[in-house]
Amino acid sequence: HGDEYPGQIAIMKLCRQIETRQVSGRLILIPTLNVPAAHASTRLSPVDGMNLNRAFPGRADGPITSQIAHYLTTVLFPMADIVIDIHTGGRSMDFVPCATMHLVDNPEQRQQMIAGVEAWNTDLSFVYTDVAGSGLLPVEAENQGKIVVTTEMGGGEQVSAQVQSITQGGLSNVLRHFGILRGDVVTREGLGLPPTRWVQALSRDDYRFAPESGLCDALVPLVSEVAALQAFGQIHFL
């Protein structure tokens, strides 16, 4: 998504920092997947109004967003063993920075994805299911048998130094974990941190969608414990 910046910055910095002698195998780095949306700082493409992360598997004869999805589906994914997809909430959502994954059926694929998520060294790790549409990039890659590691690195236009550090450090560490980059793998234990806290949302009932459009007013901080029937937000109408 064009308004999700930490991954774009982290990949550009990695492009500049690494040398070929540090890489084992093939490493494909795409800092900006949806260039028109990135230039416009929007979630949807300003060219065709499409959401790239709802456009898979795409069409070769479709709008530009669909063509990008088709190219990944038919050319790049078949070349890859591991797919890393770095998201944030952009301007529409706010997340505690976390590595994320789907609960895939294949046990070996699942275990590799769990290990990849934990290699990001985030405080939270999130297992989720899709409740807001179909055609996601991770699903297409998973269906092709790839190890897929995704993230939600905060949200908003302003990106803090802390979020950038988590994104950049996590990306390099995941690549080292899978043996793509040479170097020592960093663990949370080695950093003196407790194990990551796994959180899951595997049904639509685990989510709360705003029933009306308006200004959202959060009543509790992120990762707060809330009880049944406790108000955690309210909507103001202009």
Side-chain angles (χ1 to χ4, degrees), residues 1 4-35 38 52-53 56 68-69 71-88 97-104 106-128 136-154 163-191 193 195-196 198:
H1 293 126
E4 301 176 6
Y5 309 114
Q8 300 181 56
I9 296 170
I11 295 170
M12 283 189 280
K13 291 183 73 171
L14 187 62
C15 284
R16 299 187 188 106
Q17 293 167 354
I18 60 173
E19 300 177 7
T20 53
R21 60 182 175 81
Q22 298 173 284
V23 179
S24 177
R26 176 192 285 123
L27 176 60
I28 302 170
L29 297 171
I30 308 177
T32 303
L33 189 57
N34 192 341
V35 174
L52 180 55
N53 204 31
F56 286 81
I68 296 170
Y71 180 73
L72 266 70
T73 297
T74 61
V75 178
L76 295 187
F77 289 168
M79 296 167 62
D81 299 310
I82 302 152
V83 175
I84 300 173
D85 187 23
I86 306 175
H87 285 268
T88 76
C98 59
T100 65
M101 62 174 282
H102 286 125
L103 197 62
V104 296
N106 183 299
E108 181 178 352
Q109 183 187 21
R110 183 190 300 181
Q111 287 302 315
Q112 292 267 40
M113 288 167 59
I114 290 171
V117 166
E118 292 191 337
W120 212 284
N121 288 328
T122 50
D123 292 338
L124 288 181
S125 296
F126 185 40
V127 182
Y128 69 102
L136 277 73
L137 183 157
V139 174
E140 178 59 40
E142 290 158 4
N143 290 342
Q144 294 189 28
K146 312 304 176 182
I147 300 164
V148 182
V149 180
T150 54
T151 75
E152 292 291 356
M153 288 292 158
V163 169
Q164 280 301 152
S165 177
I166 293 171
T167 309
Q168 293 159 24
L171 174 60
S172 295
N173 200 54
V174 171
L175 292 172
R176 290 194 297 268
H177 165 80
F178 285 116
I180 306 301
L181 287 185
R182 293 184 173 88
D184 296 330
V185 178
V186 179
T187 65
R188 286 184 63 83
E189 183 179 11
L191 294 170
L193 299 172
T196 187
W198 281 90

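As a basis for the values below, the full set of heavy atoms in this structure was taken, side chains included, without hydrogen atoms, waters or symmetry mates.
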Enquirer: Donor-acceptor pair, Thr151 side chain versus His87 backbone, under 3.5 Å?
Expert: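 A pair under 3.5 Å: yes.
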
Enquirer: Evaluate Val139 against His102 for side chain to side chain contact (heavy atoms under 4.5 Å, CB included), listing each step before the verdict.
Expert: CA-CA 8 Å; Val139 174; His102 286 125; 3.6 Å; yes

Enquirer: Which heavy atom of Trp120 sits nearest to which heavy atom of Leu171, and what is that distance?
Expert: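 Nearest pair, atom of Trp120 first, then Leu171: CZ2-N, 3.6 Å.
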
Enquirer: Can you check whether Ile84 reaches Leu175 side chain to side chain, under 4.5 Å on heavy atoms?
Expert: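 Touching, per the 4.5 Å side-chain cut-off.
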
Enquirer: Side chain to side chain contact (heavy atoms under 4.5 Å, CB included) between Thr88 and Tyr5: does it pass, once the steps are laid out?
Expert: CA-CA 8 Å; Thr88 76; Tyr5 309 114; over 6 Å; no

Enquirer: Heavy atoms only: give me the nearest Val163-Pro97 pair and the separation to one decimal.
Expert: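 Of all heavy-atom pairs spanning Val163 and Pro97, the closest is CG2-CG, 4.0 Å.
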
Enquirer: For residues Phe56 and Phe77, report the shortest heavy-atom separation together with the two atoms involved.
Expert: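 Scanning both residues, the minimum pair turns out to be CE2-CE1, 4.1 Å.
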
Enquirer: Please find the pair of heavy atoms, one from Leu72 and one from Leu33, that lie closest to each other, and give the distance.
Expert: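 What the structure gives for the nearest pair is CD1-CD1, 3.7 Å.
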
Enquirer: Rounded to the nearest 0.5 Å, what's the gap from CG on Leu103 to CD on Glu142? Could you check?
Expert: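 Spacing of CG (Leu103) from CD (Glu142) equals 10.0 Å.
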
Enquirer: Closest approach of Leu137 and Asn53, non-hydrogen atoms and distance?
Expert: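 For Leu137 versus Asn53, the nearest heavy atoms are N-OD1, 2.9 Å.
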
Enquirer: Judged by modelled atom types alone, do Gln144 and Glu140 share a side-chain donor-acceptor pair under 3.5 Å?
Expert: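 Indeed, the side chains of Gln144 and Glu140 share at least one donor-acceptor pair under 3.5 Å.
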
Enquirer: What's the spacing between Asn106 CG and Ile147 CD1 if we round to 0.5 Å?
Expert: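 Answer for the CG-CD1 pair, Asn106 versus Ile147, is 10.0 Å.
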
Enquirer: Taking everything shown except Asp81 itself, do over 12 heavy atoms lie less than 6.0 Å from its CG?
Expert: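 Incorrect, the count does not exceed 12.
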
Enquirer: Between the side chain of Asn173 and the main-chain N/O of Ala119, is any donor-acceptor distance below 3.5 Å?
Expert: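 Yes.
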
Enquirer: Measuring from Thr100:OG1 to Met153:CE, what's the distance to the nearest 0.5 Å?
Expert: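 Thr100 atom OG1 to Met153 atom CE measures 8.5 Å (nearest 0.5 Å).
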
Enquirer: How many angstroms lie between atom NE2 of His177 and atom CD of Glu118, to the nearest 0.5 angstrom?
Expert: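 Rounded to the nearest 0.5 Å, the NE2-CD separation comes to 9.0 Å.
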
Enquirer: So do Leu76 and Ile30 actually touch side chain to side chain, heavy atoms under 4.5 Å?
Expert: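 Yes, their side chains come closer than 4.5 Å.
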
Enquirer: Pairs under 3.5 angstrom only: tabulate donor-acceptor contacts from the side chains of residues 8-16 to other protein residues two or more places apart or in another chain.
Expert:
unit_1: Gln8; atom_1: OE1; unit_2: Thr32; atom_2: OG1; d: 3.2
unit_1: Gln8; atom_1: NE2; unit_2: Glu4; atom_2: O; d: 2.8
unit_1: Lys13; atom_1: NZ; unit_2: Gln168; atom_2: OE1; d: 3.2

Enquirer: Could you check whether atom CD of Glu108 has more than 12 heavy atoms from other residues, nucleotides or ligands sitting under 6.0 Å from it?
Expert: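 12 or below, so no.
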
Enquirer: For Arg182 and Arg21, run side chain to side chain contact (heavy atoms under 4.5 Å, CB included): C-alpha distance rounded to whole Å, both residues' side-chain angles, the deciding distance at 0.1 Å, then the answer.
Expert: CA-CA 9 Å; Arg182 293 184 173 88; Arg21 60 182 175 81; 5.5 Å; no

Enquirer: Mind checking the CD1-CG spacing from Ile82 to Leu27? Nearest 0.5 Å is all I need.
Expert: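 Answer rounded to 0.5 Å: 10.0 Å.
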
Enquirer: Restricting to non-hydrogen atoms, name the atom on Thr196 and the atom on Arg188 that form the minimum distance, rounded to 0.1 Å.
Expert: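 Closest approach of Thr196 to Arg188: N-NE, 3.5 Å.
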
Enquirer: Could you grab the distance from atom OG1 of Thr122 to atom CG of Leu193, nearest 0.5 Å is fine?
Expert: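 Between atom OG1 of Thr122 and atom CG of Leu193 there are 10.5 Å.
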
Enquirer: Report yes or no: does Gln109 contribute a side-chain atom to a donor-acceptor pair with the main-chain N or O of Lys146 at less than 3.5 Å?
Expert: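 Checking the backbone N and O of Lys146 against the side chain of Gln109, a donor-acceptor pair under 3.5 Å is found.
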
Enquirer: Main chain of Asp184, side chain of Arg176: is a donor-acceptor contact present, judged purely on distance under 3.5 Å?
Expert: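 A pair under 3.5 Å: yes.
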
Enquirer: Less than 4.5 Å apart, any side-chain heavy atom of Pro138 and any of Tyr128?
Expert: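 Of all side-chain heavy-atom pairs linking Tyr128 with Pro138, at least one is under 4.5 Å.
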
